[in-house]
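Some notes on the structure that comes next.
Values in this document were obtained by computation on a predicted structure and should not be read as measured data. Proteins get letters first, then strands, A, B, ... in listed order; numbering begins at 1 in each.
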Amino acid sequence: MNYTIKKELLPRFLLSLGKNFEVIAPVKEYARPPSFEIFKGQELFLDERTTFSAKKFFRPSKEKIFSFKKDKASFEISPEIDTTKRVLFGIRPCGTHALQALDQLFVKFFGEDQFYSSRRKNTIIIALQCSKACKNGFCTSLGTSQAVGYDILFLERGADFFVKAETEAGKDLLDAEFFKHTSDAEPSFNLECEKNLETKDLGKNLYANFNHPVWKQESERCLSCSSCTQICPTCYCYRLNDDFVFGSDTESERNRTWDSCQLKRFTKVAGNHVFRPSRKGRLRQFVLHKFSYYEENHGTHLCVGCGRCITTCPVEIDLTFIANKIQKDVSEGKK
Amino acid sequence: MAKKKVKIGFFSLTCCEGCGFAVLDLEEKLLKAFEQIEIVESRVLMEKPSPKASKLDIAFIEGSVISNHDLDKLQEVRKKTDFLVALGACATIVGINGIRNVLPGGIRERLKEKAIKPMREKAFPLSAFVKVDYLLQGCSINEEEFLDFLNKFLHGVKPVLEEVPVCFECKLKENGCLLLKGIACLGPVTYAGCDALCPSNNAQCIGCRGFTKDGNFSSLDSLFKDFGLSKKERFNLFTYFNPLPEKLKDLEGK
Amino acid sequence: MITPEKPYLAKILSVHIDTADTKTFEVAFADKNLQKKFHFGPGQFMMVSVFGFGEMPISISSSPYKTGSMKFTVVNVGNVTNALHKLGKGAKIGIRGPFGKGFPLQRFRKKNIIFVSGGCGLAPLRSAIYAVQEKKELFGKVSVLFGCRAPENVLFDKDMKQWQKEKINVLLTVDSPDDKWKGNVGVVTSLFGKVDFPIENTIVMMCGPSIMMHYGLIELRKKGFKDEQMFVSLERLMQCGVGYCSHCNCGNKYACTDGPVFCAKDVKKLPLKEG
């Protein structure tokens, strides 16, 4: 069953969900870049994908996973699992694909991690289909321009949203106060991304050109600021840290914090040896992890073509440029 | 925790003493720490040093060495402390005091004449003269980082200065990048730990926490050049708090 | 399971001082049922937590046939190892595992075996040496080559004497000898000439610093060893041990789940020189 909702009713609908859920929506606050925040009536940002992705609600940048407490006789190891009920509104198709990739890692492939899966299970996903291509996006090249794995899908249609409920949990949210049934056909959009990525044998070709001059050339201006990995919806690398509760010898906690392959410390081992010291190696790791390594292990790319890393790079390093350069050289038989 | 309290001293060389005050800003948290520490010497907190101050577990020293008086004091403290922490930009990277080091000759001489105490030719960070065990960077220091250091120290954990740029923390706070707005920000080459205080308030990072070893200075400099900054302006920005990085020696002179 | 990252409570049963900076800890799960069910292969590692200080990967250095406990041989190099070194008998730590792929000993039946180790790289190999010793009728001749900085850094001298009694050829070398040292001087590769096993029927298992393994493989290839015959344990930083955190990622492999033990023919495919 499909529905419609008037665009002007959207904020009220989202606020009404706030009774039972923590509602997350793309917002624009003051001069800050658009990002996903807990919705309390701020100005919604629905023009295109947000500058920052929604991954922080599934993998927070700092996440306390265990607290340790020593008593005289016992020792407690308590996990801190987040079971907050959430509704995530306005995640774009690229974002839904990113969640699929994280599911693959943290639920299916290496064994279930409940810190992640609990957030995932307790979050209802309302995806918002893009009606036009965004700046620097190249989702059409990677087949990630249609949303997947959502509970509800919103599609723009003039003054309305066309609404498709995919799951029971999703349908339950569609209160008649805001939503009307419709038997109209689902609107469709033809996205034309400015950027394109030649994906034929991409992972194989990039890896085969491990020493292509383009890596050095592009990495020379890399500032190693790590913005690309922080902002990426699929970058998931993290580190574990223990800290004592201040003033206590017996209580401590273990935190997961985001890490970045662009930092030198990422591959540092005891004795201060760094396995990937050069900028070239680090930039290459970012790109190859997305397109080669992940593909070999999981059969798909870890990149969803959102173009955030391109938009955020202060020195305009563009992974589609690197990839296309190598693809072109391969097709012309140069490499 | 019935352990012996850790004896701590605060010392100031030439500086504004802001870092010492930043520690006081911890208020209740500092009071809580008093269960485990004992401050035995501090110009701000005590009229005169406690008799126990002849031997210290940790000495926090703020300020730069700009006179022989500073140097004598520094060496005296080094002798009586097990662990020496340089506190704040002046002590770690010479900071604002270092502007003197890059002034043209004439001005420097006049400054020396007018100085209220005898000055050395140049200002130096502590590490130029003594072994420094750890750096708490920033102008002023980040109190939370101070507390974190203390917590680790009390548990016998050796703190490690991580090669992480301000940008890393700036992005965690979901700030818009100032460099993308054409504002010359030193975030990519400056040590994190300040929670990206300046960029979060739309002010450029000016490197008060010191430059990372891994920073890509030439790339950042050419980016600033593209922003339209003159050689002089770039020189001033890079040397605001820090000595000029080796890779940017070209910026020196006219 | 909540997460593969959940540590389980364990108790230190005994501590043995090996050298000035190395200790061996005998550890067992606090939960007896967990310990009963616990099995591992030589070359596998555990994630060991010293609560409040952190977690680190440590290879098991005891025999896989000894099931009541496990041993970790740990060099004091960082904050977590330092905290562990301060702990004594009865102290509580956290452990989880075993993780990774160890040495595939079942494939080495009837072969001669050379163990090549440098420094604390002998720890994971000791587990394999015990295993081979336990079933010596299944293997051919065995040789243990060990190199370290100085005589005082020699590990497991008691074990070495025992191995020699059991006809295992143990050869030592040090970089800087003292007056009493009568053995070989030089890097561990300088011992290669002293083992004359027929190359075609011999397996090499190697563990030590990256640089040692790099030159070790080169020298062994020169002697005629094929990559299929050589197995190394790679050193990488592992934070999670279960393939999540990606610190140990090298090419499409993860040292924690695909390794740490790799056959040299697979290592060759990895982009080890990442610059």
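The environment of E194(A) atom CD is sparse: at most 12 non-hydrogen atoms of other residues, nucleotides or ligands sit within 6.0 angstrom. Counted within 6.0 Å of CZ on F129(B), heavy atoms from surrounding residues, nucleotides or ligands total more than 12; the atom is thus considered enclosed. Heavy-atom neighbours of K55(B) NZ from other residues, nucleotides or ligands within 6.0 Å: above the threshold of 12. Counted within 6.0 Å of CZ on F75(A), heavy atoms from surrounding residues, nucleotides or ligands total more than 12; the atom is thus considered enclosed. Other residues, nucleotides and ligands place no more than 12 heavy atoms under 6.0 Å from the NZ atom of K158(B). Atom CD of E38(B) has more than 12 neighbouring heavy atoms from other residues, nucleotides or ligands inside a 6.0 Å radius.
No option in C167(B), P165(B), S219(B) other than S219(B) meets the side chain to side chain contact (heavy atoms under 4.5 Å, CB included) test with L223(A). Exactly one residue among D214(B), V160(B), V164(B) makes a side chain to side chain contact (heavy atoms under 4.5 Å, CB included) with R265(A). That residue is V164(B).
R32(A) places no side-chain N or O within 3.5 Å of a backbone atom of G176(B) that could act as its donor or acceptor partner.
Using modelled atom types, one finds no donor on one side chain facing an acceptor on the other under 3.5 Å when comparing N216(B) with R221(A).
No part of D226(B) comes within reach of chain A, as not one of its non-hydrogen atoms sits under 4.5 angstrom from that chain. Only the backbone of E220(A) comes within less than 4.5 Å of a heavy atom of chain B; no side-chain atom from C-beta onward does. Contacts between K213(B) and chain A at a heavy-atom distance below 4.5 Å are absent for every atom of the residue. For K62(A), no part sits under 4.5 Å from any heavy atom of chain B, backbone or side chain. Interface remark: T250(A) contributes no atoms to any contact with chain B (heavy atom separation under 4.5 Å). Within the 4.5 angstrom heavy-atom criterion, no atom of E29(A) approaches chain B. For chain B, the nearby part of S226(A) is the side chain; its heavy atoms alone come within less than 4.5 Å.
Here the straight-line distance linking atom SG of C232(A) with atom NZ of K171(B) works out to 14.0 Å at 0.5 Å rounding. With values rounded to the nearest 0.5 angstrom, T212(B) atom OG1 is found 10.0 Å from L263(A) atom CG. One finds the CG atom of D148(B) at 6.0 Å from the CG atom of D243(A) (value rounded to the nearest 0.5 Å). Between F246(A) atom CZ and H155(B) atom NE2 the span is 9.0 Å, to the nearest 0.5 Å.
Using a 4.0 Å cut-off between charged side-chain N and carboxylate O, K264(A) and E162(B) make no salt bridge.
Heavy atoms only, all atoms of each residue included: E174(B) and F52(A) are closest at CA-CZ, 3.3 Å.
Residue with the most contacts toward chain B among T51(A), T312(A), V315(A), V245(A): T312(A) (heavy-atom pairs, distance under 4.5 Å). Among the candidates L178(B), L223(B), N175(B), the residue making the largest number of heavy-atom pairs closer than 4.5 Å to chain A is N175(B).
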- Task: Run the numbers on S260(A) and F168(B) for side chain to side chain contact (heavy atoms under 4.5 Å, CB included), then give the verdict.
- Result: CA-CA 9 Å; S260(A) 169; F168(B) 186 83; 4.0 Å; yes

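Contacts between residues 180-207 of chain B and chain A, defined by a heavy-atom separation under 4.5 Å, are made by L180(B), P188(B). Applying a 4.5 Å heavy-atom cutoff, the residues of residues 24-33 of chain B that approach chain A are K29(B), K32(B), A33(B).
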